[in-house]
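Below is one structure, written out as structure tokens, with a few remarks after it.
Naming convention: chains lettered A, B, ... in sequence-line order (proteins, then strands); numbering from 1 in each chain. Given the structure is predicted, the values throughout are model-derived calculations rather than measurements.
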Amino acid sequence: MRWSHAFIPTLRDDPADAEAVSHRLLVRGGFIRQLAAGSYSMLPLGQRVRLKIIDIIRHEMDAIGGQEVVLPTLHPAEIWKKSDRYDLMGDNLFKLEDRKGVELVLGMTEEEIFAILAAELSSYRDLPQIWYQIHTKFRDEPRPKSGLLRVREFTMKDSYTLDVDRSGLDVGFDLHHAAYRRIFARMGLDTTDVQASSGAMGGTESVEFIVRSEAGEDWIVTCTACDYRANVEKAVSALAPVDDGDSEDLERFPTPGLRTIAALAEAHPDVAAPERQIKTLVYFVDGTPTLVLLRGDHELQEQKLLDATGAASVRPAHPEEIRELLGADPGSLGAVGVTGIPVIADVALEGRVNMTTGANEDDWHYRGVDVERDIDVGTWADLRAVSSGEPCVECASPLELWKGIEVGHIFKLGTKFSEAFGAYVQDEDGENRPIIMGSYGIGVERAMAAIVETSHDERGIVWPVTVAPFEVVVTVLRVDDAETMAAAEDLDRRLREAGLEVILDDRPERPGVKFADAELVGIPFRVTVGPRGLERGAVEVTVRRDMSTEEVEVGDVVERVSALVEAARADIIR
RNA sequence: CGGGCUGUGGCGCAGUUUGGUCAGCGCACCUGCUUUGGGAGCAGGGGGUCGCCGGUUCGAAUCCGGCCAGCCCGACCA
């Protein structure tokens with residue numbers, strides 16, 4: 001490839017609307033262009049990287065026995081209604097109508113269609129199967145952001161395992177787990193696999209692959225000492241016991257003007273330390289008003305509420321709604337004596353006595369609350385958000401909280417879709433059983449952005465050689481000098497003949513421009529050809545990652561660069 | 001959906017407060033000459049319905065109304 005003929009529109013300035021590093025560098029480097037919010041064009045360089053990522057994924061998926069298919073992205077809404085995901089996914093699902101008025105949707109993931117195909121299987125002997133595809137998914141994100149990190153149209157590798165029993169599912173799941181580790185490692189991504197919630201998808205065991213980055217949107221909890229690691233949506237921590245004293249009688253007492261946990265604690269330190277208060281939140285859980293109870297010093301983790309209730313959506317009640325329901329304003333709420341409204345309580349409140357909580361009348365609270373005696377708790381669940389420094393449940397060491405980018409997610413889906421679409425097989429005993437599915441996703445462009453987030457410097461991107469748009473750039477310093485140009489062209493040809501991916505920068509630009517572009521674009525190795533070096537029969541070879549430079553005799557360049565590329569590959573794959 | 005901000009050549013921006021002389025700057029682009037190991041210099045040149053629609057006015061990038069789009073924070077989010 002000759003740079004002079006390539007479409008690589010690099011920019012000297014950062015685009016004004018780009019914040020995230022990957023967004024800035026991918027736009028500046030001429031990899032992508034934005035069309036609309038959450039909608040990006042892949043320019044030639046971007047597409048080269050994207051294809052390399054896809055090749056890695058495809059290779060590893062095939063290696064675990066995956067069979068590639070391509071399914072429609074345009075689906076009749078009917079099948080989404082059949083699986084119940086039409087409502088469950090809410091506004092995140094793109095919906096449209098055809099000319100006949102038939103409702104259609106654009107796929108977000110494609111369990112439905114895979115289940116429909118799986119319905120053609122009839123015997124346990126047909127299983128297991130691993131099916132996958134790599135194509136476009138759509139999500140009507142409420143807020144696309146950060147370039148490729150959160151978009152509305154993107155490429156996903158989604159795969160599905162089909163098994164007759166749990167142990168088969170476990171095997172398929174573990175195969176994916178191992179394949180994902182290899183996939184991300186080969187891209188040069190350092191991922192942490194964490195326990196996660198499977199969210200609206202249902203399912204049980206769920207593991208996310210997270211790249212540590214400030215640009216990420218997921219909060220991850222890891223233990224500073226042991227192996228415990230989980231998404232905050234799922235993470236738990238140990239709690240120091242609280243001394244409540246002996247159970248006492250319920251007593252109403254005046255608390256004029258006290259509306260917050262902190263204010264109440266300050267005014268009544270004897271009975272209302274935050275950890276001895278009950279925080280009462282009012283939520284609408286799929287439209288049903290519900291009281292959510294937590295310890296005074298704990299925060300609600302909404303995903304846990306979703307998981308505990310199986311609801312599609314939850315939202316905090318508005319102040320007016322709260323007054324109508326409980327007769328008091330936030331700040332004086334409690335669940336004591338409340339009937340007719342479901343109560344869900346965090347497990348940290350189990351067995352607690354002598355607690356303090358609002359009395360559902362402004363300026364009044366209860367003390368001496370025995371949670372199990374005085375409150376009609378319908379459901380106990382883990383609802384609390386873990387905070388930094390709390391003790392690990394496994395080893396009691398402090399937990400650490402950090403931000404990351406979710407690049408992959410694997411989980412055990414179960415039989416939800418096979419039951420909905422009649423995907424049953426007969427087992428050895430002639431018994432009809434729903435196929436057990438697993439579901440596994442990787443966001444291709446998000447992985448691309450995550451690589452840039454974690455591999456760049458002040459000059460630009462530093463692509464791992466396995467995903468770089470080109471492995472080598474041959475930079476010609478004097479295009480108008482026939483000898484220099486001839487030497488560069490010869491090198492370009494020999495490097496390509498050695499199997500390397502080369503771009504020849506033959507633009508009539510000044511050296512500084514070419515160096516800057518090569519570094520911005522992030523090509524791992526640069527061969528600099530100029531008349532000065534050629535007089536000595538030498539060129540320079542520069543390693544992008546550390547910008548180290550060595551002089552190499554022209555005759556040795558192919559061997560030297562090949563060795564560097566191989567070493568870089570080996571270092572990534574290990 | 002709530003809050004904040006922004007829309008002016010390909011990119012980055014000034015101009016809007018105080019309507020006219022405001023279509024302007026830097027980069028990029030084209031031509032020529034010089035230059036050539038870290039984003040060159042000189043000279044000449046091309047390119048913009050000032051987001052869209054409507055209104056006010058003799059006159060609107062500028063004032064008013066409506067709409068649209070994008071960014072950031074929050075809510076939400078496999």
Opposite nucleotide pairing with B:U17, Watson-Crick or G-U, both atom distances under 3.5 Å:
none
Return yes if the base of B:G38 and the side-chain atoms of A:Glu519 contain a donor-acceptor N/O pair under 3.5 Å, otherwise no.
yes
Quick one about A:Thr161 and A:His176 (side-chain donor to acceptor, distance below 3.5 Å, no hydrogens or angles considered), yes or no?
no
Categorize A:Asp517 for me: base, sugar-phosphate, or nothing, with a 4.0 angstrom heavy-atom threshold over every strand shown.
base
A:Thr109-A:Arg85 side chain donor-acceptor pair, cut-off 3.5 Å
yes
Atom-pair distance (CD on A:Gln301; C1' on B:A75), nearest Å:
14 Å
Both distances below 3.5 Å, Watson-Crick or wobble geometry, any strand: find the nucleotide opposite B:G74.
B:C1
May I have the distance from A:Arg33 (atom CZ) to B:A28 (atom P), rounded to whole angstrom?
16 Å
A:Phe31 ring center within less than 6.0 Å of A:Trp463 ring center:
yes
Kindly check if the number of other-residue, nucleotide or ligand heavy atoms within 6.0 Å of CD (A:Glu321) is above 12?
yes
A:Gln34 CD to B:G7 C1': how many Å, rounded?
13 Å
Checking base pairs now: Watson-Crick or wobble, both atom distances under 3.5 Å. What partners B:A69?
B:U6
Closest of B:G39, B:C72, B:C76 to the A:Ala516 side chain is B:G39
What nucleic acid atoms does A:Ser146 come within less than 4.0 Å of, heavy atoms only: base, sugar-phosphate, or nothing?
sugar-phosphate
Polar atoms only, N or O, under 3.5 Å: list the protein pairs with nucleotides 31-37 of chain B and their distances.
residue: B:U35; atom: O2; partner: A:Arg510; partner atom: NH1; Å: 2.9
residue: B:U36; atom: O4; partner: A:Asp480; partner atom: OD2; Å: 2.7
residue: B:G37; atom: O2'; partner: A:Arg532; partner atom: NH1; Å: 3.1
residue: B:G37; atom: O2'; partner: A:Arg532; partner atom: NH2; Å: 3.2
residue: B:G37; atom: O6; partner: A:Gly533; partner atom: N; Å: 3.3
residue: B:G37; atom: N2; partner: A:Glu540; partner atom: OE1; Å: 2.1
residue: B:G37; atom: N2; partner: A:Glu540; partner atom: OE2; Å: 2.9

Base paired to B:C25 (Watson-Crick or G-U; both N/O distances under 3.5 angstrom)
B:G12
Rounding to a whole Å, what distance do you find between A:Met108:CE and B:C76:P?
17 Å
For B:G32, give the paired nucleotide (Watson-Crick: N1-N3 plus N6-O4 or O6-N4; G-U: N1-O2 and O6-N3; both under 3.5 Å), or none.
B:C42
Atom pair distance, as rounded to whole Å: CG in A:Leu35 and C1' in B:G70:
12 Å
Within the structure shown, what part of the strands sits under 4.0 Å from A:Leu93 by heavy-atom distance: base, sugar-phosphate, or nothing?
nothing
Taking atom NZ as the centre, does A:Lys234 end up with more than 12 heavy-atom neighbours from other residues, nucleotides or ligands that are less than 6.0 angstrom away?
no
Tell me which nucleotide, if any, is Watson-Crick or G-U wobble paired with B:A60 when both distances must be under 3.5 Å.
none
Residue mapping more 5' on RNA chain B - nearest nucleotide basis, A:Pro144 or A:Leu149:
A:Pro144
Using a cut-off of 4.0 Å on non-hydrogen atoms, how would the nucleic acid contact of A:Arg315 be classed: base, sugar-phosphate, or nothing?
nothing
How is A:Glu208 classified with respect to the nucleic acid when contacts are heavy atoms under 4.0 Å: base, sugar-phosphate, or nothing?
nothing
Given side-chain contact (heavy atoms from CB on, under 4.5 Å), test A:Arg446 with A:Met156 step by step and report yes or no.
CA-CA 9 Å; A:Arg446 185 182 279 187; A:Met156 176 189 263; over 6 Å; no
Could you tell me whether A:Ala16 contacts a base, only the sugar-phosphate backbone, or nothing, with contacts defined as non-hydrogen atoms closer than 4.0 Å?
sugar-phosphate
Answer yes or no on whether A:Arg48 is positioned over the face of A:Phe470, meaning its NZ or CZ is under 6.0 Å from the six-membered ring centre and within 45° of the axis.
yes
Whole-Å distance between B:C1 P and A:Asn92 CG?
14 Å
Specify whether A:His177 and A:Phe173 have parallel, tilted or perpendicular ring planes, treating 30° as the upper limit for parallel and 60° as the lower limit for perpendicular.
perpendicular
